[in-house]
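Everything on this sheet refers to the single structure shown next.
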Amino acid sequence: MPDISILTQRANSFASPKSTQPTNSLVITQIPRTFFQPSIINALRDHFATYGEINQWVPIASFCRIILVYYAEEAAEVAKNACDPLILALPHRIPTVLRVYRSEPNPIFSPSSPTADENLLRPPPIEKNFLISPPGSPPIGWEQIREEPPNATPLADDLIAALHKLKLQERRSSREVLLEPEEGVGVGVYVEDCDMNDDDDAEGVDWEYGCPSPARLRWKPIATAMPPMRVR
């Protein structure tokens, strides 16, 4: 363990105002990230523990600070007045000056306190615990069940029956009858080829797929009257 020296240095410029709100929490700032190692962090904790019993000691390397919560507000005030600023000297390094600030009060966590777990993140209920990944431990008596295979029927039975009815029943000239209502009441489905001409022999026409049909090539639009125009 390296020889770590912790010195306190008080100055009039850091005098505490008399109208500050009492708090049990302090924030130690300006800590280099290289100092977040067990030997240095434990030495700082032992130093601040001399001012009172510590309830929470939370080093946060990403923010280069430590959150310190005392059991008593008086201990936090004494540590603030005695340790701001705080000089941390390590062998073969330039002394580092740390600042200690008051923070918002924090609740006291105690293992025997019934309300301690209310401030912690709890797992979801058992009914929803298996929706997270990875799932939590299964309840007592839980057994793995065999899952059913995927649905082999892509369509419902009533929809398949309706599609079977849409088959060609008879051909009437250019109209194909797929579904005709009984006794003229109901819904009828008919398919009619608008390009087919009864006078032409469609089977004798050489037509290539992808080209316009011969009937469409013979179609000509009917001339219509122009809409009225405003005369200027």
Side-chain angles (χ1 to χ4, degrees), residues 1-140:
M1 179 176 178
D3 186 11
I4 302 174
S5 300
I6 301 177
L7 307 176
T8 58
Q9 179 180 358
R10 292 291 300 128
N12 295 332
S13 59
F14 301 126
S16 303
K18 297 181 180 181
S19 60
T20 57
Q21 181 181 1
T23 179
N24 63 341
S25 304
L26 300 176
V27 178
I28 309 170
T29 63
Q30 300 180 5
I31 305 176
R33 292 193 177 184
T34 56
F35 284 15
F36 282 87
Q37 45 185 297
S39 58
I40 301 178
I41 297 300
N42 292 336
L44 285 173
R45 180 187 176 93
D46 295 341
H47 173 76
F48 280 92
T50 59
Y51 300 96
E53 187 177 0
I54 297 176
N55 177 255
Q56 300 176 55
W57 176 266
V58 185
I60 308 177
S62 57
F63 291 95
C64 300
R65 61 185 56 191
I66 298 174
I67 298 178
L68 170 62
V69 180
Y70 285 99
Y71 278 97
E73 297 177 351
E74 295 77 8
E77 187 65 22
V78 173
K80 158 64 180 174
N81 295 330
C83 300
D84 187 28
L86 187 68
I87 300 177
L88 185 62
L90 299 179
H92 310 293
R93 292 191 181 184
I94 300 176
T96 302
V97 179
L98 309 181
R99 295 299 309 274
V100 181
Y101 298 96
R102 298 178 182 87
S103 180
E104 294 293 331
N106 286 277
I108 301 299
F109 286 171
S110 175
S112 59
S113 177
T115 59
D117 294 339
E118 297 179 358
N119 299 318
L120 302 178
L121 183 63
R122 291 175 293 179
I126 295 298
E127 290 77 8
K128 299 181 179 179
N129 198 20
F130 296 97
L131 300 180
I132 60 178
S133 178
S137 299
I140 299 176

TODO: With side-chain contact (heavy atoms from CB on, under 4.5 Å) as the test, would you mind laying out the steps for Val27 and Ile66 before giving the verdict?
DONE: CA-CA 6 Å; Val27 178; Ile66 298 174; over 6 Å; no
Within the side chain of [X], is there an N or O that forms a donor-acceptor pair under 3.5 Å with the backbone of [Y]?
| X | Y | value |
| --- | --- | --- |
| Ser25 | Ser103 | no |
| Asn106 | Asn24 | no |
| Asn81 | Glu77 | yes |

Got [X] and [Y] here, is their nearest side-chain heavy-atom distance under 4.5 Å?
| X | Y | answer |
| --- | --- | --- |
| Cys64 | Arg33 | yes |
| Val69 | Trp57 | no |
| Thr96 | Ile87 | no |
| Val97 | Leu88 | no |
| Pro59 | Arg65 | no |
| Leu44 | Phe35 | no |
| Ile31 | Leu98 | yes |
| Gln56 | Leu68 | no |

How close do [X] and [Y] get, heavy atom to heavy atom, and via which atoms?
| X | Y | answer |
| --- | --- | --- |
| Phe48 | Ile28 | CE1-CD1, 3.3 Å |
| Thr23 | Glu104 | OG1-C, 3.7 Å |
| Tyr70 | Ile108 | O-CD1, 3.4 Å |
| Arg102 | Leu26 | CA-CD2, 4.0 Å |
| Ala75 | Gly52 | CB-CA, 3.8 Å |
| Ile54 | Arg45 | CD1-O, 3.8 Å |

